[in-house]
Structure formats: C-alpha cells, structure tokens
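Since the structure comes first, as structure tokens, the remarks are kept for the end.
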Amino acid sequence: MYYGAIKPCDIANGEGVRVSLFVSGCRHACKNCFNPETWCFEYGTPYTEETTAHILELLKPVYVKGLTLIGGEPMEPENQAVLLKLVQAVRHTFGTKKDVWCYTGCVLESELLSESSYRCDVTDALLSEIDVLVDGPFIEEEKSLQLAFRGSMNQRILRKQNGRFVVSET
C-alpha cells in the first residue's frame with residue numbers, strides 16, 4: 001500500500017484534532033474529487049512498519065482525539081489488510097482513548113456488508129475496528145459547504161453503537 005500524506009493535526013476530517021492518513025488508490029473517480037492524485041495506487045510513499053510507528057507517535061498527545069483513514073479509498077481491497085493492522089496497533093496502544101474515523105466512497109450496506117468488489121477477507125474485521133464511518137461517493141450535484149465532515153448530501157456519518165453503524169447528523 002502507498003499513502004499520499006499523513007496530516008498530524010487535521011481538524012477537517014473528523015471531530016477534534018486528528019492524525020489523518022491519506023491512502024493511495026481509488027476506483028470511484030468521483031467528479032471534482034478534492035484529492036484526485038490519490039486515485040493512483042502507487043502515488044506517494046510506500047507504507048511500512050515505520051509508518052505505523054510514526055502514526056502511533058503522532059497519536060500520543062492527549063489533545064489528539066484519534067485517527068482518520070481517508071484517501072484515495074481506504075476500503076479498496078488492496079488497502080484493507082494494511083489498514084487493519086494499523087487500527088489494531090492503535091487499539092493495542094491506546095485502547096478506546098483514541099477513536100478511528102474512516103471516509104469511504106463505498107455505501108456500507110451495498111458495498112461493504114454485501115458481496116461486492118470491495119469486500120475481501122478482512123473487511124468485517126476492519127469495519128469492527130472503526131468507530132465512525134463516513135460513507136458514499138462524493139456527488140458534485142449534491143455538494144454542500146454547510147455539511148459537517150462530508151462533501152455532498154448523499155454521504156452519511158455512521159457512528160458505531162452496540163456494534164452496529166447508526167446514521168448520525170454529526
């Protein structure tokens with residue numbers, strides 16, 4: 001897996017101050033995507049064990065609320081196994097003190113929980129480690145600058161409650 005950037009103090013992609021990992025690779029190719037350079041699966045820097053150590057170090061300050069997985073497309077099958085190991089390392093190191101947000105152009109029910117090209121052998125395990133999932137492709141015609149933590153009205157903020165994702169307004 002490759003990644004385009006690691007933002008150590010991101011306040012735009014989830015609640016509070018976050019460490020955001022912008023993964024590379026996306027097949028959605030949404031019109032007017034804010035990050036089209038990350039569509040290429042080999043854009044940026046190869047992800048290594050040192051990358052995980054660096055992210056864990058960036059997460060240490062108490063003012064950092066958690067980790068955001070964004071892209072590109074975190075739920076591309078090529079990215080899921082590496083991201084699962086990362087979020088498991090976050091859980092091992094910080095427990096529930098740090099939350100995990102994930103932005104995906106996939107729709108939870110039809111592409112991540114049902115048979116699709118995005119499901120792979122680690123999809124369910126990765127979803128189980130995510131606290132907040134922002135799902136749905138960016139749709140230019142539904143763009144709104146009034147929305148919190150999403151770019152178009154079709155996208156949903158899904159928070160984990162009792163092991164299941166539930167739609168939330170923010």
Side-chain angles (χ1 to χ4, degrees), residues 3 5-23 26-28 30-35 38 55 58-59 61-77 79-80 82-120 122-170:
Y3 65 95
I6 298 171
K7 295 194 176 179
C9 288
D10 188 357
I11 58 168
N13 297 300
E15 295 169 337
V17 176
R18 312 191 64 73
V19 174
S20 291
L21 172 65
F22 288 77
V23 302
C26 183
R27 293 182 177 92
H28 295 294
C30 299
K31 177 183 169 187
N32 290 324
C33 169
F34 83 107
N35 211 5
T38 63
I55 291 170
L58 291 172
L59 285 166
V62 296
Y63 64 83
V64 176
K65 188 161 191 307
L67 173 68
T68 295
L69 307 174
I70 192 164
E73 175 56 70
M75 299 309 288
E76 289 287 359
N79 295 336
Q80 290 186 42
V82 173
L83 295 177
L84 175 59
K85 288 181 183 176
L86 170 61
V87 295
Q88 287 173 332
V90 170
R91 295 292 185 214
H92 177 77
T93 305
F94 301 104
T96 58
K97 293 178 184 170
K98 306 290 180 179
D99 62 8
V100 176
W101 281 52
C102 180
Y103 283 78
T104 179
C106 298
V107 175
L108 177 66
E109 296 83 359
S110 61
E111 294 174 291
L112 299 178
L113 297 179
S114 300
E115 283 306 311
S116 80
S117 61
Y118 289 94
R119 279 194 60 81
C120 67
V122 299
T123 303
D124 292 335
L126 180 56
L127 288 171
S128 75
E129 299 289 352
I130 294 169
D131 298 298
V132 179
L133 185 73
V134 181
D135 83 336
F138 172 73
I139 298 175
E140 175 70 22
E141 296 75 23
E142 295 189 36
K143 179 179 179 178
S144 173
L145 299 177
Q146 307 303 313
L147 299 169
F149 308 120
R150 51 205 164 122
S152 57
M153 291 183 286
N154 64 296
Q155 294 172 317
R156 304 178 297 174
I157 298 172
L158 304 165
R159 293 181 186 277
K160 187 80 65 65
Q161 291 181 359
N162 299 319
R164 301 188 71 179
F165 287 107
V166 178
V167 176
S168 171
E169 288 303 310
T170 56

Are side-chain heavy atoms of [X] and [Y] found at a separation under 4.5 Å?
| X | Y | answer |
| --- | --- | --- |
| Leu158 | Val132 | no |
| Phe149 | Glu15 | yes |
| Lys143 | Phe138 | yes |
| Met153 | Leu147 | yes |
| Val87 | Leu126 | yes |
| Val122 | Gln80 | yes |
| Val62 | Lys97 | no |
| Tyr118 | Thr123 | no |

Using 0.5 Å steps for rounding, measure from the [atom1] atom of [X] to the [atom2] atom of [Y].
| X | Y | atom1 | atom2 | result |
| --- | --- | --- | --- | --- |
| Met75 | Ser116 | CE | OG | 9.0 Å |
| Thr104 | Leu69 | OG1 | CG | 10.5 Å |
| Cys106 | Asp135 | SG | CG | 8.5 Å |
| Leu58 | Cys9 | CG | SG | 8.0 Å |
| Leu21 | Ile55 | CG | CD1 | 4.5 Å |
| Glu140 | Ser152 | CD | OG | 9.0 Å |

Is a side-chain donor or acceptor of [X] paired with a backbone partner of [Y] at a separation under 3.5 angstrom?
| X | Y | result |
| --- | --- | --- |
| Ser114 | Glu111 | no |
| Lys160 | Ser128 | yes |
| Gln155 | Gly136 | yes |

> Which residues satisfy the side chain to side chain contact (heavy atoms under 4.5 Å, CB included) test with Thr68, sequence neighbours excluded?
Replying inline: Asn13, Arg18, Ser20, Ile70, Trp101, Tyr103

Work out which heavy atom in [X] is nearest to a heavy atom in [Y]; give both atom names and the distance.
| X | Y | value |
| --- | --- | --- |
| Gly72 | Pro74 | O-CD, 3.9 Å |
| Ile130 | Cys102 | CD1-CB, 3.7 Å |
| Val107 | Pro137 | CG2-CD, 4.3 Å |

> Is it true that Glu109 and Arg156 have a side-chain N and a carboxylate O under 4.0 angstrom from each other?
Replying inline: yes

> When you look at Phe22 and Asn35, which way does the side chain to side chain contact (heavy atoms under 4.5 Å, CB included) test go after all the steps?
Replying inline: CA-CA 9 Å; Phe22 288 77; Asn35 211 5; 3.3 Å; yes

> Going by the salt bridge (Lys or Arg N to Asp or Glu O under 4.0 Å) test, which pairs reach into residues 67-76, not counting sequence neighbours?
Replying inline: Arg27-Glu76

> By side-chain hydrogen bond (donor to acceptor under 3.5 Å, both in side chains), which residues pair with Lys98, not counting sequence neighbours?
Replying inline: none

>> If the test is side chain to side chain contact (heavy atoms under 4.5 Å, CB included), which one of Asp131, Leu108, Leu112, Ile157 qualifies with Phe165?
In response: Leu108

>> As a quick check of understanding, evaluate side chain to side chain contact (heavy atoms under 4.5 Å, CB included) for Lys65 and Asp99, giving each step before the final call.
In response: CA-CA 7 Å; Lys65 188 161 191 307; Asp99 62 8; 3.1 Å; yes

